[in-house]
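To start, the structure under review is shown below, and the notes come after it.
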Protein chains: 2
Amino acid sequence: MAKTNKTLRRRNEYQIYDVPIDSFFELAFSIDCVVFGYGKKDLQVLLTQRGAEPYKGLWALPGDLVYPDEDLDTSAGRVLKALTSLPDLNFEQVHTFGAVDRHPLGRVVTVAYYAIVNMKGFNPKAAFWADKAKWHSVKNLPKLAFDHRDIIDYSYKKLKESTMTKPLWNGVIEEKFTLTQLQSFFETVLDKKFDKGNFRKKIDLFQYVKETEEFEKDVPYRPSRLFKFDKKLYQKNEESS
Amino acid sequence: MAKTNKTLRRRNEYQIYDVPIDSFFELAFSIDCVVFGYGKKDLQVLLTQRGAEPYKGLWALPGDLVYPDEDLDTSAGRVLKALTSLPDLNFEQVHTFGAVDRHPLGRVVTVAYYAIVNMKGFNPKAAFWADKAKWHSVKNLPKLAFDHRDIIDYSYKKLKESTMTKPLWNGVIEEKFTLTQLQSFFETVLDKKFDKGNFRKKIDLFQYVKETEEFEKDVPYRPSRLFKFDKKLYQKNEESS
DNA sequence: TCAAAAGTGTTATAGGTACACCCATGT
DNA sequence: ACATGGGTGTACCTATAACACTTTTGA
């Protein structure tokens with residue numbers, strides 16, 4: 001692909017990892033991705049361990065410099081795809097961090113994005129970032145490089161806000177899901193317990209959560225009805241608001 | 001001051017206005033400010049008319065490149081101060097716009113900020129940007145340069161959201177104000193009428209709107225009690241949330 | 001029959017909406 | 001007295017929260 005060649009060639013002009021420190025860039029911008037992992041009791045965040053200075057050995061958010069011929073969103077999508085191998089990930093811009101001294105080797109302004117994925121069957125080793133990427137509980141984060149702790153705090157707050165209003169669970173939990181599974185998603189993300197009856201009443205107002213005629217199978221209790229996300233209805237209602 | 005000299009010298013390396021197009025920067029980042037003006041029936045936005053290509057003659061948001069030794073927020077504060085001559089303006093980062101082709105002369109990623117000011121007694125001519133800055137109704141915007149229409153739409157939406165939860169009116173309406181004045185602020189910003197009684201009940205929940213023992217004077221109707229913003233109480237409640 | 005989770009119903013409270021009415025002031 | 005906006009009260013409706021209860025399945 002022609003574009004790839006151009007991209008890679010250009011990228012070397014901004015390559016930060018293999019050059020001596022004193023020839024480091026003076027001005028650059030990057031994206032950083034806060035990938036939340038759903039699956040365990042606590043919500044997780046995907047971090048990579050830094051193999052080089054600065055902050056060697058500390059944990060950091062996956063990210064990259066933005067290529068000169070690449071939109072910001074495209075850049076975030078590229079990094080997320082390399083990280084997760086998931087094709088159709090929803091992600092959202094959070095905030096831009098631009099303190100002069102946030103990167104010790106030069107001026108790097110970074111645009112933060114967040115996404116949430118299902119950790120089940122998710123193998124970070126399959127991805128380019130590979131061996132050094134690990135999940136960490138959002139409640140027990142290690143020492144982080146740069147201002148990445150701020151970025152995570154900011155992103156987590158935005159994730160919580162969006163959870164109440166957007167179907168972030170779509171693409172994370174099973175395509176056909178029980179209301180209890182949906183409730184678990186909310187409880188994990190918001191770190192808060194909900195009353196079953198009240199939760200169902202609230203979900204009932206979300207017209208885009210549509211019941212199917214299917215039920216769970218082979219469970220040692222009463223099988224639950226399965227629901228699914230009505231994408232068309234959701235998009236239609238979004239447009240008119 | 002030493003810092004100023006350094007800033008100005010450095011800035012010339014990124015100066016965009018006085019250099020031939022073919023020596024234009026390849027990569028830069030800027031801030032753009034959406035200054036909302038409160039005072040007339042409709043909410044206004046401060047725009048400047050472009051005197052040079054690209055988009056010569058079109059209206060654009062005031063903004064500037066970010067100096068290499070300047071934080072993003074500092075940069076926005078500097079531009080806003082130059083624009084408004086107001087010392088203690090509240091402003092907030094909105095979103096970062098980074099499409100590759102958003103600037104026809106090179107790659108410029110811009111970070112958008114918004115602020116809201118009182119237009120009364122506000123004279124943009126006193127400021128550096130001077131003669132070409134004008135207020136425009138947010139409901140009737142002219143043709144805009146770059147992606148500035150998107151930036152305004154995005155900022156306006158964020159302004160509306162924040163109006164419900166933050167005391168944006170502080171510093172915009174009089175320091176001691178009537179509840180009707182406060183209601184007018186909400187009505188103008190949100191472009192929506194409120195019921196007097198219900199509005200007052202809602203305000204009653206905002207503990208940081210504190211009644212004083214003062215009243216309006218010389219009005220041809222029953223004088224209204226004056227209220228003021230309780231900054232200490234607001235900050236205390238912010239910290240604990 | 002029992003455990004486990006599905007699924008529904010009841011009640012109390014809080015907040016929002018619509019609207020009516022009285023009050024204090026200058027002219 | 002009257003016009004004008006200040007200020008308050010009521011009645012209704014809806015959303016939320018706490019909690020109790022019935023139902024259906026596999027073991």
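Reminder, nothing fancy here: chain letters follow the sequence lines and each chain counts from 1. Side-chain atoms are counted along with the backbone in the values below, which use heavy atoms only and exclude waters and symmetry mates.
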Rounded to the Å, how far apart are [X] [atom1] and [N] [atom2]?
X: Gln183(B); N: dG7(D); atom1: CD; atom2: C1'; result: 12 Å
X: Glu216(A); N: dG26(D); atom1: CD; atom2: P; result: 12 Å
X: Phe199(A); N: dT8(C); atom1: CZ; atom2: P; result: 15 Å
X: Lys217(A); N: dA6(C); atom1: NZ; atom2: C1'; result: 18 Å
X: Phe194(B); N: dG15(C); atom1: CZ; atom2: P; result: 18 Å
X: Asn198(A); N: dA12(C); atom1: CG; atom2: C1'; result: 12 Å
X: Asp195(B); N: dT10(D); atom1: CG; atom2: C1'; result: 13 Å
X: Asp218(B); N: dT4(D); atom1: CG; atom2: C1'; result: 16 Å

Is there a side-chain contact between [X] and the phosphate of [N], meaning an N or O under 4.0 Å from OP1 or OP2?
X: Arg200(A); N: dG7(C); value: yes
X: Lys196(A); N: dA5(C); value: no
X: Ser224(A); N: dG7(C); value: yes
X: Lys201(B); N: dG16(C); value: no

Glu214(B)/Arg225(B) ion pair, N-O < 4.0 Å: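 Salt bridge: no.
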Nucleotide nearest [X] (side chain, heavy atoms from C-beta), chosen from [options]:
X: Arg222(A); options: dA6(C), dG6(D), dT17(C); answer: dA6(C)
X: Pro220(B); options: dG5(D), dA17(D), dG26(C); answer: dG26(C)
X: Tyr221(B); options: dG7(C), dT25(C), dT16(D); answer: dT25(C)
X: Leu205(B); options: dG16(C), dA18(C), dA5(C); answer: dG16(C)

Sugar-phosphate, base or nothing in reach of Thr180(B), heavy atoms under 4.0 Å: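 Since only primed, P, OP1 and OP2 atoms lie under 4.0 Å of Thr180(B), the category is sugar-phosphate.
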Arg78(B) side chain reached by Asp64(B) side chain, heavy atoms, under 4.5 Å: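 A side-chain contact under 4.5 Å exists here.
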Side-chain heavy atoms of Val35(A) within contact of Val117(A), under 4.5 Å: yes
Aromatic ring pairing His103(A)/Phe146(A), orientation class (parallel under 30°, perpendicular over 60°, tilted between):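 Correct class here is tilted.
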Over 12 foreign heavy atoms within 6.0 Å of NZ, Lys158(A): yes
